[in-house]
Amino acid sequence: MKPANSVLLLTTLTGFGYGLLAWLGAFAALGVLPHRVWLVPICMVLALGLASAGLLASTLHLGRPERAWRAFSQWRSSWLSREGVAAVLTYLPALGFAGLWWWVGPDAGITRMMGLFAALAGLGTVYCTAMIYASLKPIRQWHNQHTAPDYLIYALFSGGLLLAAALALVSAPLALAASLALASTLIAGLAKLAYWRFIDRQTPLTTLASATGLAAFGTVTTLDQPHFTENYILREMGYQIARKHAAKLRRLVLLVGFAAPALLLVLALAGLVPGFATVLAVIFAAIGLFGERWLFFAEATHVAALYYGRPS
Amino acid sequence: MTSLPQPLPGATKLGLVIDLDTCVGCHACAVNCKEWNTGGHHAPLPDHQPYGAEPDGVWFNRIHSYEAEAPGCGGRTVNFPRSCLHCEQPQCVTVCPTGASYKRAEDGIVLINTDICIGCKLCSWACPYGAREFDEDAGVMKKCTLCIDRIYNTALPEAEREPACVATCPSRARHFGDLGDPDSAVSKLVAARGGVELMPELGYRPTNRYLPPRKAQIATPPRETPMRAGTGVGSALLSLLDKVLSR
């Protein structure tokens with residue numbers, strides 16, 4: 001599948017934003033967030049700002065962005081529509097949580113409750129995004145049991161790093177946030193390794209023989225193409241990446257996206273330049289996750305490409 | 001509404017039956033389809049650099065050629081027209097966030113309302129058959145309409161009320177009709193020839209059927225019977241000639 005920048009930005013930026021929202025809300029609900037009155041409002045600007053930037057980037061993917069509002073209507077059947085509805089609904093508990101924290105106070109039951117709602121709404125939106133991909137039957141690298149949990153794990157990983165960085169920058173105690181961020185970094189790295197192992201060993205369900213109904217006639221191979229130049233189907237769904245390039249990129253993603261942030265978090269936990277280390281960890285994670293998302297698309301194959309003799 | 005209509009028993013299911021035995025791969029269906037539809041329901045269809053080095057545009061039919069080869073018997077060339085199969089479980093419809101993609105309850109045709117399509121392209125990702133092509137000029141998705149503007153067009157003579165691809169096929173490899181009616185000509189054809197659905201494992205339950213190539217009936221060439229030698233000089237001469245020529 002063609003990796004379109006707008007969609008890569010959508011999924012990574014909303015992951016950071018809603019991930020931070022989830023940790024903020026959960027920490028507040030448990031009463032373990034430092035009691036600084038401006039902490040939640042400032043973090044909320046960051047979280048909703050990142051999520052909104054991602055959502056806006058996604059409209060660049062549309063052929064008719066001025067009609068984007070119509071996408072809120074088909075939530076009964078479409079995960080894309082559900083994502084839009086969930087994203088808009090998430091602003092309510094998120095803003096409510098920040099307002100209550102500011103005006104009513106961090107310890108109020110209603111603030112904690114709203115924090116929990118905001119966290120669940122953020123994760124719910126990430127889940128809807130994941131299901132857009134996980135529900136597509138023609139793409140075996142997406143239509144599997146890894147996609148939905150992985151998107152949630154990467155959101156919690158990136159949001160956890162952001163929270164640790166925010167706490168480090170205001171010199172708040174960050175042992176809990178940084179330890180949880182470190183744990184989610186390791187889980188996210190392992191989840192990525194498990195995903196790659198899975199797609200490398202997957203047996204394709206559909207073959208050119210079943211796509212043409214010619215299984216009974218022996219081995220089917222392409223003889224003549226319908227056209228000599230690339231068409232929409234091939235540009236969008238026949239994207240191919242050389243195996244050796246993919247292997248190299250995978251190693252880079254592991255190094256930059258997961259190993260480097262983990263090491264920097266260890267530094268921060270040891271008390272060595274925690275502000276610098278956590279911010280650098282966020283930057284590395286952002287680059288790594290963008291690469292990871294690029295590979296998620298580039299390595300995904302669509303069964304329609306089979307008709308053109310391309311692998312699926 | 002992108003929720004699918006409730007399927008009723010005996011409901012009309014308009015679709016195509018494509019005969020892979022008689023298709024000669026001439027692309028006439030694709031050309032006539034483009035010709036009709038660039039002025040039809042989805043008009044106009046993009047057609048960039050049609051005579052240039054890199055022609056590009058939206059086509060509702062793409063004609064592939066494959067070779068099927070079984071051990072012990074030679075390769076068989078199969079021409080394979082590919083278009084929308086008007087599935088009974090079309091995921092291209094259910095993923096649509098706006099309601100632009102829909103399946104008609106009355107005849108099963110899958111259509112796009114290009115007035116409300118936002119061009120998110122998700123439907124084309126959801127289609128395993130590669131039937132939907134994006135119109136970069138209009139920013140919306142386009143697809144085969146089963147020539148909805150021909151088959152119900154009372155301005156056309158009744159004999160012409162069939163899809164453009166079917167009307168033009170010079171080898172009569174394309175048939176149009178109601179596959180929901182077991183007594184229709186197309187249903188009988190599918191039953192007689194063992195018509196198959198494509199990618200049944202994905203569960204889209206396409207309406208269109210493909211008739212597999214007939215098994216080759218290679219007749220054994222008649223054996224030459226050796227000339228019986230007669231008597232006389234003439235026969236001896238012919239016999240000699242036969243021996244010389246047979247060498």
Side-chain angles (χ1 to χ4, degrees), chain A residues 1 58-59 61-68 70-84 132-133 135-139 205-206 208-214 216-234 236-237 302-305 307-309, chain B residues 1-4 20 25 30 54-56 58-59 62-71 73 76-78 80 82 91 93-100 116-122 124-130 133-136 138-141 196-203 210 212-213:
Chain A
M1 300 296 292
S58 75
T59 61
H61 186 67
L62 303 181
R64 301 296 290 256
E66 78 281 7
R67 297 176 179 172
R70 291 186 181 275
F72 298 118
S73 67
Q74 301 302 311
W75 48 268
R76 284 181 198 82
S77 71
S78 162
W79 281 106
L80 178 52
S81 189
R82 284 171 200 160
E83 180 202 35
I132 297 173
Y133 305 105
S135 66
L136 293 173
K137 288 197 230 173
I139 305 161
L205 185 63
T206 299
L208 183 55
S210 75
T212 54
L214 294 172
F217 294 86
T219 316
V220 185
T221 49
T222 49
L223 194 61
D224 281 325
Q225 297 288 349
H227 37 90
F228 296 110
T229 51
E230 298 269 295
N231 65 343
Y232 168 75
I233 299 296
L234 286 175
E236 190 78 3
M237 283 163 276
H302 195 287
V303 294
Y307 286 112
Y308 289 90
Chain B
M1 183 56 66
T2 56
S3 297
L4 298 176
L20 298 181
E54 292 197 16
D56 189 14
V58 171
W59 294 69
R62 300 283 187 178
I63 319 305
H64 299 257
S65 290
Y66 299 108
E67 189 164 66
E69 193 165 10
C73 100
R76 168 199 290 271
T77 299
V78 181
F80 187 91
R82 180 173 58 82
Q91 211 190 358
V93 169
T94 52
V95 300
C96 175
T98 69
I116 63 170
C117 172
I118 59 174
C120 70
K121 310 181 187 87
L122 189 57
S124 66
W125 295 4
C127 172
Y129 308 104
E133 299 201 7
F134 188 65
D135 180 341
E136 308 273 355
V140 295
M141 195 58 71
V196 296
E197 61 179 89
L198 306 182
M199 298 190 202
E201 67 277 10
L202 292 186
Y210 283 75

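Residue numbers start from 1 in every chain, and the chains themselves are labelled A, B, ... in the order their sequence lines are given, proteins ahead of strands. Worth knowing before you read on, the calculation uses all heavy atoms, side chains too, and leaves out hydrogens, waters and symmetry mates.
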Heavy-atom contact with chain B under 4.5 Å, split by part of [X]:
X        : answer
A/Leu62  : both
A/His61  : both
A/Ile233 : side chain

[X], part contacting chain A, at a heavy-atom distance under 4.5 Å:
X        : answer
B/Leu202 : both
B/Tyr210 : neither
B/Gln91  : side chain
B/Cys96  : backbone

Taking C-beta and beyond as the side chain, do [X] and [Y] meet within less than 4.5 Å on heavy atoms?
X        : Y        : result
A/Leu214 : B/Pro213 : yes
B/Phe134 : A/Glu236 : no
B/Val78  : A/Thr212 : no
B/Pro128 : A/Lys137 : no

Between chain B and each of [options], count heavy-atom pairs under 4.5 Å; write down the option with the most.
options                      : answer
A/Phe217, A/Trp75, A/Trp79   : A/Phe217
A/Ser58, A/Ala68, A/Ser135   : A/Ser135
A/Leu136, A/Val220, A/Thr221 : A/Thr221
A/Arg82, A/Glu230, A/His227  : A/His227

Of all heavy-atom pairs between [X] and [Y], which one has the smallest distance, and what is that distance?
X        : Y        : result
A/Gln74  : B/Gly99  : CG-N, 3.2 Å
B/Pro97  : A/Ser81  : O-OG, 3.7 Å
B/Pro55  : A/Thr229 : O-OG1, 2.8 Å
A/Ala211 : B/Phe80  : O-CZ, 3.8 Å
B/Ile118 : A/Ala71  : CD1-CB, 4.1 Å
B/Ser124 : A/Met237 : O-SD, 3.3 Å

- Looking at B/Leu4, B/Thr94, B/Val93, which hits side-chain contact (heavy atoms from CB on, under 4.5 Å) with A/Ser77?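 When side-chain contact (heavy atoms from CB on, under 4.5 Å) is applied between A/Ser77 and each of B/Leu4, B/Thr94, B/Val93, only B/Thr94 qualifies.
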Tell me, out of [options], who's got the most heavy-atom pairs with chain A below 4.5 Å.
options                              : result
B/Met141, B/Glu136, B/Lys121         : B/Lys121
B/Ile116, B/Val58, B/Val140, B/Leu20 : B/Ile116
B/Cys127, B/Pro212, B/Ala30, B/Gly25 : B/Cys127
B/Pro200, B/Gly203, B/Cys117         : B/Cys117
B/Asp135, B/Thr77, B/Ile63, B/Val196 : B/Ile63

- Item | Under the salt bridge (Lys or Arg N to Asp or Glu O under 4.0 Å) test, residues paired with B/Arg62 that sit two or more places apart | B/Glu133
- How would you list, by chain and number, every residue that makes a salt bridge (Lys or Arg N to Asp or Glu O under 4.0 Å) with A/Glu66, sequence neighbours excluded? A/Arg64
- Query: Is a side-chain donor or acceptor of B/Tyr66 paired with a backbone partner of A/Ala209 at a separation under 3.5 angstrom?
  - Reply: no
- Query: So how far is it from A/Leu223 CG to B/Ser65 OG, rounded to the nearest 0.5 Å?
  - Reply: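 If I round to the nearest 0.5 Å, the distance is 6.0 Å.
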- Between A/Tyr308 and B/His64, what is the ring plane arrangement, given parallel below 30°, perpendicular above 60°, and tilted in between? perpendicular
